[in-house]
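In each ligand, atom 1 is the first atom listed, and ligand 1 is the first ligand listed. Hydrogens, waters and symmetry mates play no part in the numbers below; they use all other heavy atoms, side chains included.
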Amino acid sequence: MTAVQPGSLLHEGKAKRVYATDRPDVVAVEFKDDATAFNALKKASLPGKGTLNCQISALLFEQLAARGVPTHYLGVADADNWMLVRPVRVIPLEVVIRNVAAGSLCRELPIQPGTALDPPLCDLYYKDDAFGDPLLTEARLERLHLVNADQRVGIERLARRVNDELRQLFDAVGLQLVDFKIELGFTADEQLVVADEISPDTCRLWNRAVADSQERILDKDRFRQDLGGVVEAYGQVLKRLQQTCPQPRVYQ
Ligand code: UDP
């Protein structure tokens with residue numbers, strides 16, 4: 001990498017590795033080709049996925065930033081599956097926004113898949129694989145002391161804002177944003193920002209032009225449901241976004 005040199009490994013997750021760099025205000029994120037589902041019970045390596053998720057996330061973070069949504073994103077590196085971001089203290093919450101009922105919502109409640117959710121649902125989960133990322137109640141969230149009441153309000157407001165912007169971005173290229181998960185964190189100066197990634201690993205995206213309930217899927221459900229064509233679907237998402245978004249900037 002020309003702009004910064006990756007240093008020690010700070011964290012390895014299921015889909016990414018995070019490294020310190022020679023600059024204290026920059027960390028480097030390497031997107032892996034590894035795919036996991038069902039709390040890592042299902043695993044595979046999908047060559048090309050890391051690069052696609054890195055480039056898709058970069059485009060989306062850049063478009064969010066252009067619309068005034070604060071993110072940790074700084075730019076991509078000159079290697080295709082590396083992104084440079086600001087260091088943040090990630091809040092161990094998975095913030096899920098649902099525009100259309102799918103996935104766990106339909107397994108856990110009598111709601112038909114495909115039901116429009118207006119206003120969109122905002123579900124908070126405690127991010128800890130050992131506990132299976134449980135859905136939180138407000139009282140349990142309060143008990144965990146992860147965030148204060150104002151921060152709780154700020155988290156939902158920011159997630160709904162992200163939803164409004166992403167929906168428009170995806171709609172413009174013929175994709176329906178069914179639901180997504182984001183992670184948020186605090187920067188050194190205590191600003192709440194969107195962190196982690198936004199990609200077909202973390203969003204449900206349906207091709208609006210296709211009626212078939214399996215063929216229209218362009219996200220990780222292709223992997224979860226053994227539908228095949230996972231990398232091709234992610235490639236289609238990137239290609240579509242590239243129609244309206246400029247190339248992500250290379251961090252200098
Ligand atoms: N999601 C994610 N990571 C998780 C759990 C969910 O990125 O650990 C995303 C998932 O891809 C979907 C949304 O969050 O876009 C809602 O997922 P859901 O609760 O329906 O769980 P699932 O059916 O994927 O188990």
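Within the listing of ligand 1, atoms 8 (O) sit less than 4.0 angstrom from a heavy atom of D133. Near C203, the atoms of ligand 1 lying under 4.0 angstrom from a non-hydrogen atom of the residue are 15 (O). Ligand-side atoms of ligand 1 in range of V96: 14 (O), 16 (C), range being under 4.0 angstrom from any heavy atom.
Side chain to side chain, N99 and N163 meet the donor-acceptor criterion of an N or O pair below 3.5 Å. Between D189 and T187, the side chains place a donor N or O and an acceptor N or O closer than 3.5 Å (distance only, hydrogens not considered). Side chains of Y251 and D78: no donor on one and acceptor on the other come within 3.5 Å. Side-chain contact of R143 with T137: a donor-acceptor pair under 3.5 Å is absent, judged by distance alone.
Within the structure, ligand 1 has D201 among the residues with a heavy atom less than 4.0 angstrom away. Heavy-atom distances between Y125 and ligand 1 reach below 4.0 Å in at least one pair. For R107, the heavy-atom gap to ligand 1 drops under 4.0 angstrom.
The closest non-hydrogen atom to atom 22 (P) of ligand 1, taken over E94, K220, R204, comes from R204. For atom 9 (C) of ligand 1, the choice among K181, K14, R98 with the nearest heavy atom turns out to be K181. Nearest to atom 21 (O) of ligand 1 by heavy-atom distance, out of S104, A15, G103, is S104. Of the listed residues (E197, K127, E108, R224), the one carrying the non-hydrogen atom nearest atom 11 (O) of ligand 1 is R224.
The backbone N or O of N53 sits less than 3.5 Å from a side-chain atom of S57, completing a donor-acceptor pair. Checking side-chain atoms of K49 against main-chain N and O of A35 turns up no donor-acceptor pair under 3.5 Å.
Of all protein heavy atoms, the one closest to atom 12 (C) of ligand 1 is D179 OD1, 3.1 Å.
Classification of E232 and R222 as a salt-bridged pair fails, no side-chain N sitting under 4.0 Å from a carboxylate O.
Ring planes of F131 and Y126: tilted class, angle from 30 to 60°.
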